[in-house]
Q: 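The structure is given below, and queries will be raised subsequently.
In this chain, residues are counted from 1 in sequence order.
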Amino acid sequence: MAAADDRSKGVLVLGVDPESEDRYSHISSKVSSGHFIDADSHGVLLGEGLASYLKLNVGDEIILYGQGYRGQTAAGLYTVKGLLHFPVKALDNQMVYMPIKLAQELYSTGNQVTSWVLHTDSLEHVATVETKLKYHYQDQLRVRDWQDLSPEMAQQIAMDRAGGIFLIYILYGIVGFGLFATVMMMTLERQREFGVMLATAWYDVNYWGCYSLSRRSFVF
């Protein structure tokens, strides 16, 4: 829960390593005002929609309430270091970023983390990395790929691919019919010309054939 003055709102708090997170998601490029946080910062980043609802700006203070790792109350007062602009309204209206050390202190988790995000150079390597991690950690950790974490996105990507293939086939059909119609029109328009050419060719074959036969008879 985030609060400022007489307003409050449920939020999603992410404790991250700022440098690693920026290399992975380029979050610093979404900073619309203020500055990006560093690992030792005592401030947080808010989505523009959330800041607008709470009537906060860069330099103001925000209170975060929650539940700690062992059930105790988690509460802290933090300075807004910057505002983030997300094209997705759901994120823009509830996202709070803070350094992971600050989040561990807020929720009393010590050096523990809730999740590690691993990024591969290619999607083809995801299955291999997932298999190796599951084999290495056995039942100690739960390993999940991006399709398991975000099935809606996986379905959207599959639908986009199917839609793209369908549109390609439609485009090929339109181009094919266009070429077929063009060739047919060119053929029909020159039908008389082809008829004359065929008649001329038939006349030449018969004429020169008869002339050759008569000449042979004469010489013989």
Q: Does one hydrophobic cluster hold both Leu118 and Leu141, with members joined at side-chain heavy-atom distances below 4.5 Å?
A: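 Looking at the clustering, Leu141 is in the same group as Leu118.
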Q: Could you pull out the closest heavy-atom pair between Ala39 and Pro99, with the gap in Å?
A: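 Result for this residue pair: O-CB, 3.7 Å.
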Q: So, for Met1 and Gly10, which heavy atoms are closest and what is the spacing to 0.1 Å?
A: SD-N, 3.9 Å
Q: Quick check for you: to the nearest 0.5 Å, what is the distance between Leu64 atom CG and Ser8 atom OG?
A: 12.0 Å
Q: Are the side chain of Ser32 and the backbone N or O of Leu83 linked by a donor-acceptor pair below 3.5 Å?
A: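 Judged by distance alone, yes, a pair lies under 3.5 Å.
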Q: Hydrophobic clustering (ILVMFWY, side-chain heavy atoms < 4.5 Å, transitive) - are Val129 and Trp116 grouped together?
A: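 Shared cluster, no.
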Q: Working to the nearest 0.5 angstrom, can you tell me the gap between His42 NE2 and Glu105 CD?
A: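 His42 atom NE2 to Glu105 atom CD measures 7.0 Å (nearest 0.5 Å).
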Q: Working note: Leu171 + Val175, criterion side-chain contact (heavy atoms from CB on, under 4.5 Å); need CA distance, chi angles, decisive distance, verdict.
A: CA-CA 6 Å; Leu171 179 61; Val175 173; 4.3 Å; yes
Q: Under a 3.5 Å threshold, yes or no: a donor from one side chain and an acceptor from the other, between Gln67 and Thr73?
A: no
Q: Is it true that a side-chain atom of Arg7 and a backbone atom of Tyr53 form a donor plus acceptor pair closer than 3.5 Å?
A: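 Here the side-chain-to-backbone pair exists.
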Q: Under a 4.5 Å side-chain heavy-atom rule over Ile, Leu, Val, Met, Phe, Trp and Tyr, are Val31 and Leu91 clustered together?
A: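 Linked, Val31 and Leu91 end up in one cluster.
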Q: Look at the side chain of Gln112 and the backbone N and O of Thr109, then say whether any donor-acceptor pair between them is shorter than 3.5 Å.
A: yes
Q: Would you say Ile62 ends up clustered with Leu102 if hydrophobic residues are merged whenever their side chains have heavy atoms under 4.5 Å apart, either directly or through other cluster members?
A: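 Linked within one cluster.
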Q: Taking the side chain as every heavy atom from C-beta outward, state whether Ile100 and Val16 have any atom pair closer than 4.5 Å.
A: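 No, side chains not in contact.
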Q: Hey, does Val113 have a side-chain heavy atom less than 4.5 Å from the side chain of Gln104?
A: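 With C-beta onward as the side chain, the pair touches.
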Q: Indicate yes or no: at least one non-hydrogen side-chain atom of Lys9 is less than 4.5 angstrom from one of Asn93.
A: yes
Q: Quick check for you: to the nearest 0.5 Å, what is the distance between Lys132 atom NZ and Tyr137 atom OH?
A: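 Here the rounded value is 13.5 Å.
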Q: Is there a path of hydrophobic side-chain contacts, each under 4.5 Å between heavy atoms, that joins Ile157 and Phe166?
A: no
Q: Donor-acceptor check, side chain of Ser29 to backbone of His26, threshold 3.5 angstrom: yes or no?
A: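 It does hold such a pair.
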Q: Evaluate salt bridge (Lys or Arg N to Asp or Glu O under 4.0 Å) for Lys134 paired with Glu130, printing each intermediate quantity in order.
A: CA-CA 6 Å; Lys134 286 182 178 180; Glu130 181 183 7; 3.1 Å; yes
Q: For side-chain contact (heavy atoms from CB on, under 4.5 Å), just list the numbers for Phe86 and Ile27, CA-CA rounded to whole Å, side-chain angles, deciding distance to a tenth of an Å, and then say yes or no.
A: CA-CA 10 Å; Phe86 293 98; Ile27 190 67; 3.8 Å; yes
Q: Does atom CG of Asn111 have more than 12 heavy-atom neighbours from other groups under 6.0 Å away?
A: no
Q: Please report the shortest heavy-atom distance between Asp40 and Lys101, naming the atom on each side.
A: OD1-NZ, 3.9 Å
Q: Do Leu50 and Val11 touch side chain to side chain, with heavy atoms closer than 4.5 Å?
A: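 Heavy-atom side-chain distance check passes, below 4.5 Å.
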Q: Minimum heavy-atom separation for Ala4 and Glu61, please, with both atom names.
A: CB-O, 4.4 Å
Q: How close do Lys81 and Leu45 get, counting heavy atoms only, and between which atoms?
A: C-CD2, 4.3 Å
Q: Is the shortest heavy-atom distance from the side chain of Leu106 to the side chain of Tyr78 under 4.5 Å?
A: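 Yes; the side chains approach each other to less than 4.5 Å.
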Q: State, with a plain yes or no, whether a side-chain heavy atom of Thr131 is found less than 4.5 Å away from one of Thr128.
A: no
Q: Can you confirm whether more than 12 heavy atoms, excluding those of Glu124, are under 6.0 Å from its CD atom?
A: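 Not buried by this count: 12 neighbours or fewer within 6.0 Å.
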Q: When you compare the side chain of Glu48 with that of Leu84, does any pair of heavy atoms fall below 4.5 Å?
A: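 No, side chains not in contact.
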Q: Taking the side chain as every heavy atom from C-beta outward, state whether Asp60 and Thr79 have any pair of such atoms under 4.5 Å apart.
A: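 Side chain of Asp60 against side chain of Thr79, heavy atoms only: no contact under 4.5 Å found.
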Q: Nearest 0.5 angstrom please: Leu77 CG to Ile63 CD1, how far?
A: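 Answer for the CG-CD1 pair, Leu77 versus Ile63, is 5.5 Å.
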Q: Could you walk me through whether Asn57 and Val80 pass side-chain contact (heavy atoms from CB on, under 4.5 Å), step by step?
A: CA-CA 7 Å; Asn57 209 332; Val80 178; over 6 Å; no
Q: Applying side-chain contact (heavy atoms from CB on, under 4.5 Å) to Met95 and Leu14, what does each step give before you reach the verdict?
A: CA-CA 8 Å; Met95 191 63 70; Leu14 292 182; 3.7 Å; yes
Q: How far apart are the closest heavy atoms of Ala75 and Tyr65, and which atoms are they?
A: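 Closest approach of Ala75 to Tyr65, heavy atoms only: CB-CD2, 4.0 Å.
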Q: Can you tell me how far OG of Ser41 sits from CE of Met98, rounded to the nearest 0.5 angstrom?
A: 10.0 Å
Q: Nearest 0.5 Å please: distance from the OH atom of Tyr172 over to the CG atom of Leu167.
A: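 Taking OH in Tyr172 and CG in Leu167, the distance rounds to 12.0 Å.
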